[in-house]
Amino acid sequence: MSCAFAASLKDVVIEKSFYGFTKDGTPIDQYTLVNANGAMVKIINYGGIVTELWVPDKNGLLRDVVLGFDTLAEFEGPNDPYFGCIVGRYANRIAQGRFTIDGVTYQLACNDAGGARPNMLHGGVKGFQDVVWKAIPMKTPEGPALRLKYLSHDGEEGFPGNLDVTVTYTLTNDNALKIEYVATTDKPTVVNLTNHAYFNLEGEGSGDILNHELMIVADNYTPVDNNLIPTGEIAPVAGTPLDFREPHKIGERIQAFAEPPFKGYDHNFVLNNQTGELALAARVKAPESGIVMEVYTTQPGVQLYTGNWLDLKGKGGKYYGQYAGFCLETQHYPDSPNHPNFPSTLLSPGEVYKQVTIYKFLTE
Ligand code: BGC
């Protein structure tokens, strides 16, 4: 939650410590990155999970603003709702886990809601959140960084092509967590990478995020069916509870989505910036801590997910209930491989997939 040692830390630090063994005995490390202001992020090379992210509040005290667990066994276990991890190969859903490239149909592992919904969610049964990444710590002019690499083999979870993935986290000296995604393939495939951090800008475990004020730079969204699969339509947010073009409290209109399949916000916003260049996508402010998070991305979409199904114990045994955190998952739209009118997620040999998302922290 909060602690007072931050402001005295002046040097950029990267530390590596043993975090735990996976079920099959692989040792996992935790990397602690501290920037010149004393902001700190901890990342493990299992799932590339951001386990802690400490940023200053309006009084200069550090707060840990991401939800998570204390142990590897919990991140590896069945109750992990994708806390802080890298999501791949395909973030969000692909209908029936099926898509076609060049006349060949590929069938993916369908894992959504334990198979009750016949879709692939977040990469399949064993997505990138559950794999061991090779970690390379780096001191860069921008701040301390951790490069993570993973080679996803041809056929993994049903996806074609050997996919060579590099994700670089940098804790910049202006208090931003920058995430750069790079991937190449040796066969045509589809790729959609994101990070699934659950934020609570009052501090993790401090209650719900309904009072956070949110702004999203999106005039449109992608409506979905009862299985949360896009209908293919691009619809205006105007006149709906999805209109966040001016800041609104997250809780103000959330009741409109109280019923399943939503139980809160779980929507893909079509960002106004469709250029592929970095631009502001969203801004969130927590009233008590004064912590503001700005999200910049090269991606065309962002999933707002408000922790609708949370009901578990997290760090320090703290209870995380419904709406204990929110995610802003920058992404291509759900089920893009089956919607030719959506920006393409196809990656071919010789091309380089490149996306950048920045979560920048300040106070007001
Ligand atoms: C999805 C939700 C899903 C959640 C799982 C989000 O990215 O949009 O539908 O329940 O991840 O943690």
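Owing to the predicted nature of the structure, the values given are computational and were not obtained by experimental measurement. Atoms within each ligand, like the ligands themselves, are counted from 1 in listed order.
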**Message:** Tell me whether Gln299 contacts the main-chain N or O of Val356 through its side chain, where contact means a donor paired with an acceptor under 3.5 Å.
**Reply:**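 Absent.
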**Item:** Residue list, ring pair (Phe, Tyr, Trp, His ring centres under 6.0 Å) with Phe21, at least two apart or on another chain
**Value:**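 Ring pair (Phe, Tyr, Trp, His ring centres under 6.0 Å) check on Phe21 returns Phe18.
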Checking contacts here: is it the side chain or the backbone of [X] that comes within 4.0 Å of ligand 1, counting heavy atoms only? Could be both or neither.
X      : result
Phe83  : neither
His267 : neither
Val87  : neither

Below 3.5 Å, can you tabulate the donor-acceptor pairs from side chains in residues 85-92 to any protein atom, sequence neighbours excluded?
unit_1	atom_1	unit_2	atom_2	d
Arg89	NE	Ser152	OG	3.0
Arg89	NH1	Pro160	O	2.9
Arg89	NH1	Gly161	O	3.2
Arg89	NH2	Ser152	O	3.2
Arg89	NH2	Ser152	OG	3.0
Arg89	NH2	His153	O	3.1
Arg89	NH2	Gly161	O	2.8
Tyr90	OH	Tyr333	O	2.9
Tyr90	OH	Ser336	N	3.1
Tyr90	OH	Ser336	OG	3.4
Asn92	ND2	Gln303	OE1	3.3

Should [X] be counted as touching ligand 1, given the test is an N or O pair under 3.5 Å?
X      : value
Pro81  : yes
Glu329 : yes
Arg93  : yes

**Request:** Apply the test ring pair (Phe, Tyr, Trp, His ring centres under 6.0 Å) to residues Tyr150 and Phe128: give CA-CA distance (whole Å), side-chain angles for both, the deciding distance (0.1 Å), then the verdict.
**Result:** CA-CA 9 Å; Tyr150 177 66; Phe128 289 177; 5.4 Å; yes
Enumerate the atoms of ligand 1 whose separation from the nearest heavy atom of [X] is less than 4.0 angstrom.
X      : answer
Asn92  : 8 (O)
Tyr198 : 12 (O)
Asp266 : 1 (C), 2 (C), 8 (O), 9 (O)

**Item:** Cationic N near anionic O, under 4.0 Å, Asp29 to Lys16
**Value:**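 Salt bridge flag = yes for Lys16 with Asp29.
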**Message:** Can you confirm whether Arg147 is buried at CZ, in the sense that more than 12 heavy atoms of other residues, nucleotides or ligands lie under 6.0 Å from that atom?
**Reply:**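 Not more than 12 within 6.0 Å, no.
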**Message:** Any heavy atom of Tyr265 closer to ligand 1 than 4.0 angstrom?
**Reply:**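 No.
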**Prompt:** Can you find a pair of side-chain heavy atoms, one from Met293 and one from Arg283, that are under 4.5 Å apart?
**Reply:**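 They are not in side-chain contact.
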**Request:** Would you check if Leu312 and Phe83 make a side-chain contact, meaning some heavy-atom pair closer than 4.5 Å?
**Result:**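 Result yes, sub-4.5 Å side-chain heavy-atom pair found.
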**Asked** Which is closest to atom 6 (C) of ligand 1 in terms of heavy atoms, His196, Gln129, Gln303?
**Response**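 Result: the heavy atom closest to atom 6 (C) of ligand 1 is in His196.
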